Amino acid sequence: MSDSAKLLFNGHEYDLPVIAGTEGETAIDIRKLRAQSQVITLDPGYGNTGSCRSAITFIDGEKGILRYRGYPIEQLAENSDFTEVSYLLIYGHLPNQTELKQFRYDLSHHTLVHEDMRHMFDGYPSSAHPMAILSSMITTLSAFYEDTAENMDLNIIRLLAKVKTIAAFAYKRLKGQPYVYPRNDLSYVGDLLQMLFSFPTERYEVSEVLERALNLVLILHADHEQNCSASTVRMVGSSAANVFASIGAGVCALWGPLHGGANQEVIEMLEQIRDSGENYQAWVNRAKDRDSGFRLMGFGHRVYRNFDPRARILKRAADEVLQELGINDPLLDIAKHLEEVALKDEYFIERQLYPNVDFYSGIIYRAMGLPTNMYTVMFALGRMPGWIAHWREQRHDPDTRINRPRQIYTGAGNRNFLPWYERTQG
Ligand code: ACO
C-alpha cells in the first residue's frame with residue numbers, strides 16, 4: 001500500500017501521509033492540510049473521521065467483529081467476568097493472579113461515598129431520572145478527590161468502585177427505599193445486586209443466575225471504541241479536565257435515545273406494540289415512514305452493517321435468563337417477531353439495519369426487576385471501564401491536543417448594528 005495520498009485542488013498538488021492500523025484500517029492524515037492549502041474537510045457526524053489512534057477496541061462492522069485489546073468479545077463473554085475485563089480494558093493486558101487479586105481488593109475497598117455526598121441524593125425529587133443523578137454525582141466526585149498526577153490511578157479505582165454505589169443509591173432514591181451500603185465480601189457484580197435489591201430488614205442472597213447474567217451484560221457494554229459517549233469523554237478530557245468531569249459528560253452523551261437511552265425506549269416501544277393490538281408489519285411500516293417520527297428503537301448502527309455480535313449473544317442470554325428464572329415475558333416474543341418481520345423487509349435489508357446491543361438488553365434488566373429508567377444507568381456502569389480506558393489512553397498519548405473542530409460558516413455576511421428603534425425587521 002502506498003504511504004501517501006495526493007490531493008489535487010485549485011491547480012496544486014498536496015502530499016498527504018497515509019497511516020495504517022494493526023488490522024489494515026487505513027487513514028489519510030490531513031493534520032497539515034489546512035496549513036498548506038487553507039482547506040478543511042467536512043464530515044458532519046464524523047462518519048468518516050478518525051479522531052485518534054487507539055489500542056483499546058477493534059470493530060469490523062462488515063464482519064460483525066468486536067475485540068477488546070485483541071480478545072474476541074465471544075471469548076470474554078464466555079470465560080471472563082466484568083472486573084477482569086475492566087482491568088484488561090484499562091491497563092491493556094489480562095491481569096495475572098496477583099494483579100487481579102489486588103484489583104478486586106482495591107475495587108471493593110473504595111466503594112463508599114462520602115457521607116456528605118450521600119446527603120445530596122436526598123435533594124433530588126424521587127421523580128428525577130437516575131441518569132441525571134448518575135452524571136452529576138460522578139462529576140461531584142471531583143469535589144471530594146483532588147485531581148493530581150499522583151492521584152490519577154487512584155481516582156480511576158475510586159470512580160470504578162464508587163459508581164455502582166452511586167447507581168444503586170440513585171435507584172433507592174427513585175424507589176423511596178433506604179440506601180444499602182456496599183459489602184466488601186461480595187464480587188463487584190454481587191455487591192451491585194445487593195445494593196440494588198436488598199433491604200436492611202432481611203438477609204440478601206445474591207442470585208447466581210442474576211450475577212452471571214449481569215456480568216455478561218456489563219462485559220458486552222464495556223467498550224465500543226469512538227462512539228458518541230467515548231468521544232465526548234475524549235473531547236472533555238482533551239482540555240485536561242479530570243476523569244470525573246470527563247466521564248460525567250460521557251454519561252450525559254450516553255443518555256440520548258439514539259445512543260444508550262435506546263434500551264429504555266426499546267422496552268417502552270415493545271409495551272406499546274403489545275398494548276396497541278396492531279400487527280408487527282404496521283409498526284415496521286411506521287418506522288419506514290419518515291413523517292411518522294418513529295424509528296425501530298434498538299435497530300441500526302453506525303458501524304455494524306451485517307450484525308451486532310453483542311445483540312446475538314444477548315438474544316441467547318435473554319432466553320436463558322428468563323428460562324432459569326422461570327419468567328414468561330411476552331415482550332421477548334414480541335421482540336423476536338418484530339426482528340423477524342423487520343429483517344425480511346426491503347427497507348431494513350437495503351439500509352443494513354439489524355438489532356443492536358440495546359434491543360435485547362432491556363429484557364434482561366426487566367427480568368431482574370429494574371424499572372425502564374434504570375436501563376441506561378446499567379449501560380453506563382458497563383461502559384465505565386471503556387470510558388476510563390479512553391480517558392487514560394488520551395492522557396498518555398503524545399498526539400493529544402485540545403479537540404477543536406473547524407466549521408464552514410453559513411451565516412450572515414458582515415453587517416452593521418442598528419439600535420432597536422431603527423430596526424424594521426429582526
Ligand atoms: N428505524 C428506521 N429507520 C432507520 C433506523 C431505525 N431504527 N435506523 C436508521 N434508519 C434509516 C434512516 O432513516 C436512514 O434512512 P434514509 O437513508 O432513507 O435517510 C438510514 O436508515 C440510515 O440511518 P442514519 O440515521 O443516517 O444512520 P446513523 O448511522 O446516522 O444512525 C443510529 C445510527 C443512530 C443508531 C440509528 O440507526 C438509529 O437511530 N437507531 C435507533 C436508535 C438506537 O437503537 N440507538 C442505539 C444505537 S447502539 C448504541 O448506541 C449503543
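All values reported here derive from a predicted model rather than from experimental measurement. Atoms within each ligand, like the ligands themselves, are counted from 1 in listed order. When a residue number appears, it is its place in the shown sequence, counting from 1.
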> Between Asp397 and Arg53, does at least one N-O distance fall below 4.0 Å, as a salt bridge requires?
Replying inline: no
> In order of chain and number, which residues sit within 4.0 Å of ligand 1 by heavy atom?
Replying inline: Pro257, Leu258, His259, Ala262, Ala287, Arg290, Arg295, Leu296, Met297, Gly298, Phe299, Gly300, His301, Arg302, Tyr347, Arg351, Leu353, Asn356, Val357, Asp358, Phe379
>> Between Glu324 and Arg212, does any side-chain N to carboxylate O distance fall below 4.0 Å?
In response: yes
Please list, one pair per line, the donor and acceptor atoms closer than 3.5 Å that link side chains of residues 314-321 to other protein atoms, with sequence neighbours excluded.
unit_1: Lys315; atom_1: NZ; unit_2: Glu339; atom_2: OE1; d: 3.3
unit_1: Asp319; atom_1: OD1; unit_2: Lys336; atom_2: NZ; d: 3.0
unit_1: Asp319; atom_1: OD2; unit_2: Lys336; atom_2: NZ; d: 3.0

> Parallel, tilted or perpendicular: which describes the rings of Phe244 and Tyr145, with under 30° parallel and over 60° perpendicular?
Replying inline: tilted
> Is Asp291 paired with Arg286 through a side-chain N to carboxylate O contact shorter than 4.0 Å?
Replying inline: no
>> For Phe294 and Trp283, take the angle between the two ring planes, folded into 0 to 90°, and tell me which bin it lands in: parallel under 30, tilted 30 to 60, perpendicular over 60.
In response: perpendicular
